[in-house]
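Scroll down for the structure; my scribbles are underneath it.
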Amino acid sequence: MSLLKVELPGLALKNPIMPASGCFSFGKEYSQFYDLSKLGSIMVKAATLHKRLGNDTPRVAETKSGMLNAIGLQNPGVETIINEELPFLAGFDLPVIANVAGSTIEEYEQVATALRRSDIAAIELNISCPNVKEGGVQFGTDPEVAAEVTRRVKQAANVPVYVKLSPNVTDIVAIAKAVEQAGADGLTMINTLTGMTIDLNKRRPLLSNGVGGLSGPAIKPVAIRMIYQVYEAVNIPIIGMGGVRDAEDVLEFLLAGASAVAVGTANFENPLVCSEIIDDLPFVLNKYGFDSVTDAIGKGHIDA
Amino acid sequence: MSLLKVELPGLALKNPIMPASGCFSFGKEYSQFYDLSKLGSIMVKAATLHKRLGNDTPRVAETKSGMLNAIGLQNPGVETIINEELPFLAGFDLPVIANVAGSTIEEYEQVATALRRSDIAAIELNISCPNVKEGGVQFGTDPEVAAEVTRRVKQAANVPVYVKLSPNVTDIVAIAKAVEQAGADGLTMINTLTGMTIDLNKRRPLLSNGVGGLSGPAIKPVAIRMIYQVYEAVNIPIIGMGGVRDAEDVLEFLLAGASAVAVGTANFENPLVCSEIIDDLPFVLNKYGFDSVTDAIGKGHIDA
Amino acid sequence: MKKLETHVVSIENIAKATFKLVIHVQADMLNTIKPGQFVHIKVGEGTEHMLRRPISICDISNTNETMTLIFKVFGKGTDQLAKLTEGHAIDLLIPCGNGYPMDDIEAEHVLLIGGGIGVPPLYYLGKQLIKKGIKVTSILGFQSAADVFYEDDFQTLGDVFVATNDGTYGIHGFVTDVINEQSLFGDYYFSCGPTPMLQAVETKLKDTTGYLSLEERMGCGIGACYACVVKTTDGESTKKVCQDGPVFKANEVQL
Amino acid sequence: MKKLETHVVSIENIAKATFKLVIHVQADMLNTIKPGQFVHIKVGEGTEHMLRRPISICDISNTNETMTLIFKVFGKGTDQLAKLTEGHAIDLLIPCGNGYPMDDIEAEHVLLIGGGIGVPPLYYLGKQLIKKGIKVTSILGFQSAADVFYEDDFQTLGDVFVATNDGTYGIHGFVTDVINEQSLFGDYYFSCGPTPMLQAVETKLKDTTGYLSLEERMGCGIGACYACVVKTTDGESTKKVCQDGPVFKANEVQL
Ligand SMILES: Cc1cc2nc3c(=O)[nH]c(=O)nc-3n(C[C@H](O)[C@H](O)[C@H](O)COP(=O)(O)OP(=O)(O)OC[C@H]3O[C@@H](n4cnc5c(N)ncnc54)[C@H](O)[C@@H]3O)c2cc1C
Ligand SMILES: Cc1cc2nc3c(=O)[nH]c(=O)nc-3n(C[C@H](O)[C@H](O)[C@H](O)COP(=O)(O)OP(=O)(O)OC[C@H]3O[C@@H](n4cnc5c(N)ncnc54)[C@H](O)[C@@H]3O)c2cc1C
Ligand SMILES: Cc1cc2nc3c(=O)[nH]c(=O)nc-3n(C[C@H](O)[C@H](O)[C@H](O)COP(=O)(O)O)c2cc1C
Ligand SMILES: Cc1cc2nc3c(=O)[nH]c(=O)nc-3n(C[C@H](O)[C@H](O)[C@H](O)COP(=O)(O)O)c2cc1C
Ligand code: FES
Ligand code: FES
């Protein structure tokens, strides 16, 4: 299956498919459905310095071809993750990408520092979580702040750092360039769009947090547009995500400029989706005349 | 049907439902399906100073629970619109909202000035069209520029001016406040989200324009969120839009803070949709315990 | 747990907006199912509904190789499920959640206390309890006469008391009113229904060992997304309804 | 034009990925239909597909009160239409577009030149032409043998020449090759098919009066959204395929 191989900083991927952060926990539950070693990689759930209990429920709501979530970064804290969650994944043949979150630049640094003692292959720096009062999206909407977090986490980390961009900005290219200059090894995009739905009976926002992050097929056109624009402006690789649920979606992300693709919401619809996409991808590449994944990357651009 | 009545600057609406600009042309085609006098109002297609032929085709693409369009403001120019299109609407009992676009502040002013000689009830100032190279969205992404266009068009116009906001911004509240301060009589929101889809066979963006505007149910959560946030920050009324296709959607927009609601993409799915919503709305208001449309406006807010 | 693509054997409207859906499931899968578990159902085939819907398992039949679900039309998803017809394909995650602790029960007389769409899972539970020689008394609460279902089926398990909120059928009032009026007691209780009912039951029967089945909006349904958490009583940690529940010991979590 | 909610009478796979769909339509509506018009079909019931799909009217039967469409599975929407079954509901805008100018034709011998899914609308046109006593010769182009459909039906109208691009059936080549080889001519032609074919036909038959039916991606399908425009030959203005077309006089618009 060498036609599916992709080499990215820190990540020798046997295929470009991985579950997106927050949608796959630390893998254990989905390992009931298929062998996780089949995956290109796994982006595990966000880690903060200390345990967080997250937001009140309801935390999710369905929307047309999408969903809103406001989990609020619930996690047991980075130490527990290193000691109790990551060892399970060591039993599989795949590089792990840790998702790092925080409320302050210092917290981001501390989480990245703690992760030096783990076996992860890369860090996904989450400066784009819209579902927490402090920390998260404000780091991802200002190019200078985004660059500063990136710089500090790069110094703290001993693995390549991929910065996860927020789509809730006027100019995604400016943020992408700023974090590239600050030393990011790659980008992951997009995180969720900030949205809301109102419960007509209760006359209040349905999610206890008020707003939540919109994900799923509904947002795919926004993801493709942003990846397309950023691909033309930066020289670091992009891991794409936003609404992927089949191998043709994956090819569309590759053409837009992604070098690998993560799948989030679609795991809830179909727990086997990543495995099925990996099976289908060779046929889809072939159908559209591509020799390999790397052959398709960026090929949707005018001057490609 | 006084329970459906809403009074807005320049607009005495018998009900809060109107077709959204660009999705209903100047009404003639849809008048085959029902009597346009049934509508609360109509937002007609964008007018620029001179005739524009718009973008090359393909101009539309379907996406999951939505669509992309890049019509490119094709229109016969404001004079022809006044002389040949608007007279048809004079035969119906409804206030007309003209949509004003341009490539320069001067063009916006000139279109608004020309419209003094027409019978419109209000202007919708379109500073948020993502589908033209010049003019459009850049006026809608910077608060100061948005305020300046608003000020100049307010001076030129002899009817209330509603400013149509772009959702493609980091901080929609800042833009809303800026145009309120500049004298806007109301807001209409949201215009389309910038998106893209790639043709896997051609290996190029499907729309000839590359990017297009994403509309339809897919974007409703983003529209609700933005209206909810802006409602808490301004004192001028909001006409809401984005993904509406039934009377429950309309109620959700009212609860979020919209005083009236426009329907765009859903007209393509169902040419009778506005008429059907107007029929259903009294029952839906009743089902959820509201005495009237005005009773529901803003009632989804915590302190309502 | 498995993703199972199977088909509808029958569907029937058994009460106001309430449907009994019988689905083909092979015996080897049925044998793994414990009372109180649920299935997570895909609505339709496309992307319009990205989230599955959790529905409790109401009954199973090894002979027919079927599973019965009872659901009420609540929103767009259950409305679409109600339009399923015989032979139509259906896609489930099965079985989900923990179920009632059948092995550890040392009881002689169990109260089954169900409200509305909380009634269904208690039926299969009751069947299993009487198989173990345990006496079962059922207290079923509904909105009104038109909503009542499965009274006869529960009758085959033991005594049944039906209450309606508006008094149009059975006893007028809530399930807790029935417990008061009839001075019912058991050495164990199992309850499923709306949260206010569970709270009332938990308070009323505070000296009896009890288990409650909870509802929460779900994403994955398998424990991976943290959508469906409830706080433990001490407020220090959370449990997942889809994985640690839906059945919890009374007073284990905050209602 | 009307929004019509009706049902499927029959559906049949008649060639590779090609389906013949017969729909119930009442006679009073059928009487308004002109050859070359199309219907705009809603795909599924939910929001997943917000845009309708334009499909040409291939035939109508007043006696049966039916309309026939022939379509090829191309993407997700036509794939879903292919899964329709007898009796299933279907929602159409009908009739759309202008159709071929039947009343103004002063011709003795008309060439019908169709390619692939451009073939269907020519059938009902041909039927109407021979009713007017006009001689019809059909030239139908397909990819390969497996794609050929409706040859026998066209045979009832007059001479038929079938060409396939790969030579697996009929004449090897394009429809314009057939016109060359067989030295076919008429005093009028009507053509429908892929743009490169229409361009070749327009050039080849530049001295004959002709009408072309075009395809363009559509939004509304009724003339209100400006999605489906084509530039007029002078480049100064546009026409809408859905309203001014789909049939245009040769050389009226830029292909
Ligand atoms: C463990 C469990 C077992 C259940 N068993 C049954 C049963 O046997 N019979 C029955 O009729 N109902 C049962 N329910 C409730 C049922 O899941 C909801 O009524 C249903 O999901 C509503 O979907 P909808 O599309 O009609 O509503 P919508 O409001 O359109 O649904 C939108 C979203 O909200 C979620 N949602 C809405 N209400 C609930 C709810 N009460 N609980 C969980 N999610 C909800 C939906 O799953 C969906 O994701 C159970 C719920 C849980 C958690
Ligand atoms: C006036 C007219 C008459 C037609 N008549 C027939 C016919 O009789 N038989 C037949 O098989 N096909 C016909 N077509 C083409 C048919 O409409 C497309 O094949 C179909 O819309 C593809 O939809 P899809 O969902 O399978 O493809 P997708 O690619 O999934 O569709 C996505 C979107 O693109 C649009 N689209 C894709 N291809 C085309 C196309 N070639 N023309 C217009 N829109 C397109 C779809 O309508 C939809 O909005 C006709 C087209 C037009 C404009
Ligand atoms: C329930 C849920 C939880 C998520 N949690 C995280 C998270 O902890 N960290 C993060 O970076 N992104 C998180 N995301 C965002 C996803 O990783 C992904 O960027 C987004 O959902 C878009 O992809 P999709 O459309 O395939 O879901 C979460 C998304 C969902 C739906
Ligand atoms: C085909 C099309 C054309 C549009 N043209 C215009 C326009 O000319 N001026 C404008 O302000 N908005 C235009 N819009 C945006 C709509 O008015 C509306 O803001 C948007 O589509 C969201 O509403 P919807 O989801 O109900 O379609 C257009 C939208 C579509 C789909
Ligand atoms: S629904 Fe995902 S953890 Fe329970
Ligand atoms: S499809 Fe809307 S104008 Fe033709």
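The sequence lines fix the lettering, A, B, ..., with proteins before strands; numbering per chain opens at 1. Bear in mind the structure is a predicted one, so any value in this text is a computation, not a measurement.
- The greatest number of non-hydrogen atom pairs below 4.5 Å with chain B, out of Lys287(A), Glu248(A), Lys220(A), is found for Glu248(A).
- With a 4.5 Å cut-off on non-hydrogen atoms, Phe253(B) does not touch chain A at all.
- The heavy-atom pair separating His301(B) from Arg204(A) by the smallest distance is O-NH1, 3.1 Å.
- Looking at Tyr228(B), only its side chain comes within 4.5 Å of chain A, counting heavy atoms on both sides.
- Side-chain N/O atoms of Thr141(B) and Thr170(A) include no donor and acceptor closer than 3.5 Å.
- The parts of Ile198(B) that come within reach of chain A are both its backbone and its side chain, each placing non-hydrogen atoms under 4.5 angstrom from that chain.
- Between chain B and the residues Leu255(A), Asp171(A), Ile227(A), the largest count of heavy-atom pairs under 4.5 Å involves Leu255(A).
- Of the two parts of Thr197(B), the backbone and the side chain both hold a non-hydrogen atom closer than 4.5 Å to a non-hydrogen atom of chain A.
- Across Ala61(A), Pro167(A), Gly289(A), Gly195(A), the residue that shares the most heavy-atom pairs under 4.5 angstrom with chain B is Gly195(A).
- For Leu251(B), the parts lying under 4.5 angstrom from a heavy atom of chain A are both the backbone and the side chain.
- Around atom CD of Gln181(B), no more than 12 heavy atoms belonging to other residues, nucleotides or ligands sit under 6.0 Å away.
- Arg225(A) places a side-chain N or O within donor-acceptor distance of the main-chain N or O of Thr194(B), the cut-off being under 3.5 Å.
- Considering all non-hydrogen atoms of both residues, Ile302(B) and Pro205(A) come closest at CD1-CD, 4.4 Å.
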